[in-house]
Amino acid sequence: MEKSDFYGRLVLMSRAEKNTTFKLRKMPTMLVSEKRVRCLRCNTWLVKAQVALPHEEFYCPACIQLGRVTTLDNFFTLVEPNHFKKLDHYLTWQGQLTTSQKRCSKEVIHSFQQGRDHLLWAVTGAGKTEMLFPGINEALKDGKRVCLASPRVDVCLELFPRLQAAFQHVEITLLHGRQTEPYRYTQLTIATTHQLLRFYHAFDVLIIDEVDTFPYAQNKQLLFATAQAKKTTGSCLFLTATPGDELLKKVHQKQLQVSYLPRRFHGFPLPEIQTKLALNWYGKIQNKKLPSAVKQFLKQCEESKRQFLLFVPHISHLEFVQKAVNQAFPKLYVTTVFSADDQRLEKVQLMRDHEVNGLITTTILERGVTFPEIDVCVLGADDDTFSSAALVQIAGRVGRSPKRPTGNVLFICAGLSRSVKKAIQQIKFVNHKAKEEENGLSAVSSPNT
């Protein structure tokens, strides 16, 4: 291994393994107490009897997907030295930010310079990735190490080429669980949030995208990984369109500063949700029949040649819905996609390439993936599977292109659940605040205050 492979990293090596090439800092993998052990990679406490190995040794099953941590091993690391080649130019992106985007971007830069945490609360389609470019540029110019992390592989795969295009002279490492390329030490990293468990005081700037989404939200492992991956003098920027109660609490208590952008980059409001009641939609689907509202929705998509996303609450619904769509609209080419689908990435690419008319999907595509000029329908939007944050994100898939900044968002429900009502309320709230901002009225406050 190269010396740089250890900079700000937790490299797992056998306790018996010797390294004589360069001096490394050795750290234990687990803290052993009388009845429990604590994994020092993911911070999980475990009952000794449940994770015991022979000869009073122990392992951690909680983060085993990153390689098994045992007391037979040690972590080896080196202090992050920020050994990066100085470049004449970092940012090659030539785009322009709106006035509101510039305001938020300046506030982000200031938080990076001050080494403090910050929240960027931007509606879906606000262009938050582009808003990050000036801040990342300033951090790179200052010799800082930067990581942009997301809970989902799909999002990382979409961000990677966008960052490559924006910073054409900067080497960028992409880290996720499915990759086969070896790790490289670079100044700019894109990673899934699980990959942060491999780092130790590495990043001067750590940007966490979609902090409200699974598997990041309320995940103690990943919250610990975030704190451990960031330098003690570094700053963390949280990005979201739907902040959870904990972040809002910190904002209200003045523990976390916030930049709020209630307007999309093209200036149009978020498409508002239309609801249609269908008391026995699943019974119809099982009989290969579609609710009349769904048929009307798909008919409009077919006639206008618009792509669509059709969301369902559970994986078990996918096959029934596909058969019903195929029977009612034989000319539409649709396929299903879900989290454990081995061909998920390929199917998403088919959608991007306009090789399919639509995807029937679970919440795996609720955010982070952009398809321009689409419409969206949610079957069973009142199901407990769909949180209000998920429903807002799903609605936010629509109207993201300036060529078609509007679109149709249809929720099929047996009744108006609390989550559906809250999603409708939040979209109306941000659209109202965007109108106030346009008219130069007072600063934005939370819909709950």
Exercise for the section: Report the C-alpha separation of Arg152 and Asp209 in whole Å, then their side-chain angles, then the decisive distance to 0.1 Å, and conclude whether the salt bridge (Lys or Arg N to Asp or Glu O under 4.0 Å) test is met. Expected result: CA-CA 9 Å; Arg152 297 194 176 182; Asp209 194 13; over 6 Å; no

Completion exercise
SG (Cys236) and CZ (Phe112) are apart, to the nearest 0.5 Å, by 9.0 Å

Handout entry: Mutual orientation of the aromatic rings belonging to Phe203 and Phe199 [parallel < 30°, tilted 30-60°, perpendicular > 60°]
Key = tilted

Practice task
Inspect the contact between Arg162 and Glu130 and indicate whether a charged nitrogen and a carboxylate oxygen are less than 4.0 angstrom apart.
Solution key: yes

Exercise for the section: Evaluate the side-chain contact (heavy atoms from CB on, under 4.5 Å) criterion for residues Leu410 and Ile273: first the C-alpha distance (whole Å), next the side-chain angles of each, then the deciding distance (0.1 Å), finally the verdict. Expected result: CA-CA 6 Å; Leu410 177 64; Ile273 297 166; over 6 Å; no

Exercise for the section: State, with a plain yes or no, whether a side-chain heavy atom of Thr124 is found less than 4.5 Å away from one of Arg264. Expected result: yes

Problem - Trace of the ring-ring contact (aromatic ring centres under 6.0 Å, His included) decision for Tyr200 with Tyr7 - result: CA-CA 9 Å; Tyr200 182 76; Tyr7 292 161; over 10 Å; no

Problem - Side-chain donor-acceptor contact under 3.5 Å, Asn82 with Lys231 - result: yes

Problem - Tyr185 and Phe84 aromatic ring geometry - parallel, tilted or perpendicular at 30°/60° bounds - result: parallel

Exercise for the section: Check whether any side-chain N or O of Arg198 sits under 3.5 Å from a backbone N or O of Val11 as a donor-acceptor pair, and report yes or no. Expected result: no

Exercise for the section: For the pair Asn43 and Gln221, evaluate side-chain contact (heavy atoms from CB on, under 4.5 Å) and give the outcome as yes or no after the intermediate values. Expected result: CA-CA 6 Å; Asn43 203 42; Gln221 273 191 16; over 6 Å; no

Problem - Sidechain-backbone polar pair: Lys230 side chain, Asp204 backbone, donor-acceptor under 3.5 Å - result: no

Problem - Tyr216 and Ser150 side chains, donor-acceptor separation under 3.5 Å - result: no

Handout entry: Of Arg404, Lys305, Arg397, the residue whose pairing with Asp375 passes salt bridge (Lys or Arg N to Asp or Glu O under 4.0 Å)
Key = Arg404

